[in-house]
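Lettering follows sequence order; numbering is per chain, from 1.
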Protein chains: 2
Amino acid sequence: MRLASIEGLGGLTIGRLAREVDISKSGVFAHFRSKERLQQETVEAARRVFEREVLEPGLAAPEGVARVASLCEAYLSYIERGVFPGGCFFAHLLGEFDARTGPIHDEVAALQRGWVGLLEELITTAQERGELDPEVDSGQLAFELYAPLELANFLTTLYRDPATLERGREAVRASLAGAMAPEGGSSRAGPASADS
Amino acid sequence: MRLASIEGLGGLTIGRLAREVDISKSGVFAHFRSKERLQQETVEAARRVFEREVLEPGLAAPEGVARVASLCEAYLSYIERGVFPGGCFFAHLLGEFDARTGPIHDEVAALQRGWVGLLEELITTAQERGELDPEVDSGQLAFELYAPLELANFLTTLYRDPATLERGREAVRASLAGAMAPEGGSSRAGPASADS
DNA sequence: GTCTAGATAGCACGATCGTTCTATCTTCGT
DNA sequence: ACGAAGATAGAACGATCGTGCTATCTAGAC
């Protein structure tokens, strides 16, 4: 995972991995029985890390807008902590396989849909609780929250400077602030109370 | 360029390129005298395409907020038109080399700084003309405009569905609308006229 | 007409790739 | 004690990689 997060899945070679962990090529090869399986299992392992390091802490916040903000912050923190030395493993995957065809492309697409879908779902819940403006398009807001996370990851990794993460934090804050429900009360608002 | 925009610069191999254009490996090799030069010249050629397809039309709009919006739209249009079959060449480069070291990483970092710097510069000009709120951080706004462009590129390429581009367009619209100068007049406003 | 520069081809080299086959050696169940 | 299962090593294969060397062919300069 560490190797692939820097060099990409294509750079994760059986020989290279063998050299890295200092055993023979055959020793590595025997564990995964093809390069494709090595790639698949690496992606799967990274998925579990992402779950533990981002989804689990991010979803621990109380339901509603707090949970949306918490998930975004969990992602930024995961970049900041350097969980993978090459930045977000899946952002790397996205760049490497977005334009190709094959099972890995499809897997990446499914993972991306899941991530955006989760954001959208949390936003809808926050709208149903009256915390976020029900007029805003939840898919659009999910996109606008995801975008600064992704860019913050790339620029932080590229510049080797975590200062860009603050840009991401501020962008998330601004997008959420702009989507807050118009009335101040925290209890459930009536469905037809919005003007224009 | 077409090959590298899909497979990445690492997939742009002398042998592969020779097969693609149907001449011998030596025939390709003689033009560039090393793989590194092939990579450098490909990046340089893509930079010229980007200039012609994005910067030139984007900067044709009149100075001010119109030019900021125009540059963003020029980028989205460049994705939409499929100038490169694998989406934005430089977004691909960003994902491939952000975590590595070496001359290509440095080149990518310089190109990214130039792009963000251009956005920031146009924003500052729009602020000086009184069209954008001078209170907003121009670097922050540049980040918030760039982020949806980048994500729209990746998701459009990944899903093979240009519908995501509309998410990007809407996000750019919203960010610019949120940064418009508070007073309605188009002429230069006094420096101390803003009420917090 | 001759000469030179450039484009292309063909071949060979050492390195690395994924993969297979055949040992060893350890570990553990019975 | 024995045997099965798994981890590792080593050698070899064909393919591809980047690169060098040596032709051949063509286009233009003089």
* Asked: Which nucleotide sits closest to the side chain of B/Ile14: C/dC17, D/dT8, D/dT19?
  -> D/dT19
* **Protein-nucleotide distance (B/Leu17, atom CG; D/dT16, atom P), rounded to Å** => 16 Å
* Asked: A/Arg19 near the nucleic acid: base, sugar-phosphate alone, or nothing, with a heavy-atom cut-off under 4.0 Å?
  -> sugar-phosphate
* Protein-nucleotide distance (B/Glu7, atom CD; D/dC17, atom P), rounded to Å -> 11 Å
* **Aromatic ring proximity, centroids under 6.0 angstrom, A/Tyr78 and A/Tyr75** => yes
* Asked: Of all the choices, D/dG18, C/dT8, D/dT8, which nucleotide is nearest to the side chain of A/Ser24 once you look at every atom?
  -> D/dT8
* Asked: Could you give the distance from CG (A/Leu176) to SG (A/Cys72), rounded to the nearest 0.5 Å?
  -> 6.5 Å
* Rounded to whole angstroms, how far apart are NZ on B/Lys35 and C1' on C/dA15? -> 13 Å
* Please determine, for the side chain of B/Arg16, which listed nucleotide (C/dT19, C/dT8, D/dC17) has the closest atom? => D/dC17
* How is B/Thr13 classified with respect to the nucleic acid when contacts are heavy atoms under 4.0 Å: base, sugar-phosphate, or nothing? -> sugar-phosphate
* Asked: Given D/dT8, C/dT20, D/dG18, which nucleotide is nearest the side-chain atoms of A/Ser26?
  -> C/dT20
* Rounded distance (Å) that lies between atom P of C/dG18 and atom CD of A/Gln39 -> 9 Å
* Asked: Can you tell me how far C1' of C/dT19 sits from CG of A/Leu38, to the nearest Å?
  -> 14 Å
* Asked: Is there a donor on the side chain of B/Lys25 or the base of D/dG18 sitting less than 3.5 Å from an acceptor on the other?
  -> yes
* Is the A/Phe90 to A/Phe84 ring centre distance short of 6.0 Å? -> no
* Asked: On DNA chain D, nearest-nucleotide positions of B/Leu12 versus A/His31: which is more 5'?
  -> A/His31
* **Interatomic distance, B/Ile23 CD1 vs C/dG10 P [rounded to whole Å]** => 12 Å
* To do: Could you tell me the separation between the CG atom of B/Asp22 and the P atom of C/dA7, rounded to a whole number of Å?
  => 18 Å
* Could you tell me the separation between the CG atom of A/Leu155 and the CZ atom of B/Arg113, rounded to the nearest 0.5 Å? => 9.5 Å
* Asked: Which value, rounded to the nearest 0.5 Å, describes the distance between B/Glu53 atom CD and B/Arg48 atom CZ?
  -> 13.5 Å
